[in-house]
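Below you'll find the structure, written out as structure tokens, and then a few comments.
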2 protein chains.
Amino acid sequence: MVKKKETKALDTTTEEKIKAAARVVFHKKGYAATRTRDIAGEAGINLALLNYYFRSKEKLFETIMFETVFGFMQNMALVLNDEKSSLEKKVELIASYYIDFITKEPNIPIFMLSEIRNNNAGGLLERLPIKQLVMNSAFFKQHQEAVAKGKIAEPNPLHFLMNLLSLVVFPFIAMPLLQGIGGLNEKQFNQLMQERKRLIPVWIKAMMKAK
Amino acid sequence: MVKKKETKALDTTTEEKIKAAARVVFHKKGYAATRTRDIAGEAGINLALLNYYFRSKEKLFETIMFETVFGFMQNMALVLNDEKSSLEKKVELIASYYIDFITKEPNIPIFMLSEIRNNNAGGLLERLPIKQLVMNSAFFKQHQEAVAKGKIAEPNPLHFLMNLLSLVVFPFIAMPLLQGIGGLNEKQFNQLMQERKRLIPVWIKAMMKAK
DNA sequence: GTCTATAGGGGGATAGAC
DNA sequence: GTCTATCCCCCTATAGAC
């Protein structure tokens, strides 16, 4: 649509600068509270230029939203579908990867979840093959096998997945509350999350045998 | 500030109608996306009247936000501080109560958490004595005792609390995603949550012994 | 207390010069 | 491609009649 960088030195095309700024502001404030002027300011460019590259606030948002959700999901997809790693290993990998990821981008979970709730993000969930991705994954097959062998008590794989995501993601979403309760600063909070990389796999293992 | 109902038949004073409407709209869309016109419409009154009762959108929001957070917390406070019930019982009570509560009001968790993140909700967290409430609770004392007796492996009570809240609250926040993954309708989703009333206490018990 | 009408300002988008 | 200036709608809030 606009000039295509051939071998542009650093990814500092204007388009990329605007997207980077939009990511920051949208992730932090959400669609409704974001002012296009703030994005332009953050990007160090003029408001008119934003509309030149992306026709509207909404188009820009859709771009950012799609890339954010896609970026979040793709690692999950990779891990869940790896035939070689065990179920235990998958739990470890997901806990470890996402705790680091969200520590760096702490606004992403609540951003995604609240925007998806508000407007279903323009049918984003329908466009991404989430259901097949998860339901046909090696993860689900391994879970079924473990249930069949009596190694896992709770037969519903959705509970398994919910539990894993809950333990990994929720503390970040509730961070301000937990910092308030525990009187933690950011560093101490992150330290707690690092501990959870080791703890969550242990916990999940114990939970799933219980009945 | 306005007329005080003496023994008003049903709580259908205009003020209460506006607040009820504001709750619905704010909880669903959040502060920034809410239009005062929508609230007035939902309440079946005129826009001007809204400003007559509550001086501004922000004042109305603060009222709703405070009552929402307070309403959410007060049961937690009651349960956590009950000296008579055991730690196990507390877990049961919280899981059971909040699963029912959030099933009826599914927008509340993400509403509270995203508004608190956005603007700290006008220092709401500082005004409510959350920290003392939790840190001095019977819940925390019982947790410490259990750790001392070797009944609980993980000594940090924040992990315990995070885990409990995660398992209870997160599935609701991620509901659209989980419905997409599992292909569930609302009824089936609620069924899953009902199962968790029984499962979460079992899981928590198993987790906390694990190391 | 409740309404209609309108002021006032903010924010998304565009025209047009460079 | 990038800027300045500006349009215009929408939203909050208020004035004033009843």
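Between the CG atom of A:Leu125 and the CD1 atom of A:Ile130 there is a distance of 4.5 Å, given to the nearest 0.5 Å. A distance of 11.5 Å separates NZ in A:Lys57 from CZ in A:Arg37, rounded to the nearest 0.5 Å. Rounded to the nearest 0.5 angstrom, A:Phe172 CZ and A:Ile102 CD1 are separated by 5.5 Å. Atoms CG and CG, from A:Leu192 and A:Leu178 in turn, are 8.5 Å apart once rounded to the nearest 0.5 Å.
No side-chain heavy atom of B:Phe72 sits less than 4.5 Å from a side-chain heavy atom of B:Glu105.
At a non-hydrogen distance threshold of 4.0 Å, nothing from residues 57-68 of chain A comes into contact with DNA chain D.
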### Task
Go through A:Phe61 and A:Phe26 one step at a time and tell me if the ring pair (Phe, Tyr, Trp, His ring centres under 6.0 Å) criterion holds.
CA-CA 8 Å; A:Phe61 177 76; A:Phe26 278 137; 5.0 Å; yes
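Under 4.0 angstrom from either OP1 or OP2 of C:dG12 there lies at least one side-chain N or O belonging to A:Thr36. Between A:Tyr53 and D:dT2 there is a side-chain N or O to OP1 or OP2 distance below 4.0 Å. Residue B:Thr14 places at least one side-chain N or O closer than 4.0 Å to OP1 or OP2 of C:dT2.
Summarising the geometry, the separation between CZ on A:Arg55 and C1' on C:dA15 is reported as 17 Å, rounded to the nearest angstrom. Nucleotide D:dC3 holds its P atom 7 Å from the CD1 atom of A:Ile45, rounded to whole Å. Residue B:Phe54 contributes atom CZ, which lies 13 Å from atom P of D:dA13 at whole-angstrom precision. Residue B:Leu50 contributes atom CG, which lies 14 Å from atom P of D:dC11 at whole-angstrom precision.
Looking at the side chain of A:Tyr52, the nearest of the listed nucleotides D:dT12, D:dC3, D:dT2 is D:dT2.
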Can you check nucleotides 4-9 of chain C for protein contacts, nitrogen or oxygen pairs under 3.5 Å, and list what you find?
from, atom 1, to, atom 2, distance (Å)
C:dT4, OP2, B:Asn46, ND2, 3.0

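Each of A:Thr68, A:Asn107, A:Thr34 was checked for a side-chain hydrogen bond (donor to acceptor under 3.5 Å, both in side chains) with A:His27, and the lone residue meeting it is A:Thr68.
A:Gln144 and A:Lys141 share no side-chain donor-acceptor pair at under 3.5 Å.
Nearest-nucleotide positions on DNA chain C for A:Leu49 and A:Arg35 put A:Arg35 closer to the 5' end.
The salt bridge (Lys or Arg N to Asp or Glu O under 4.0 Å) test applied to B:Lys89 returns B:Glu92, not counting sequence neighbours.
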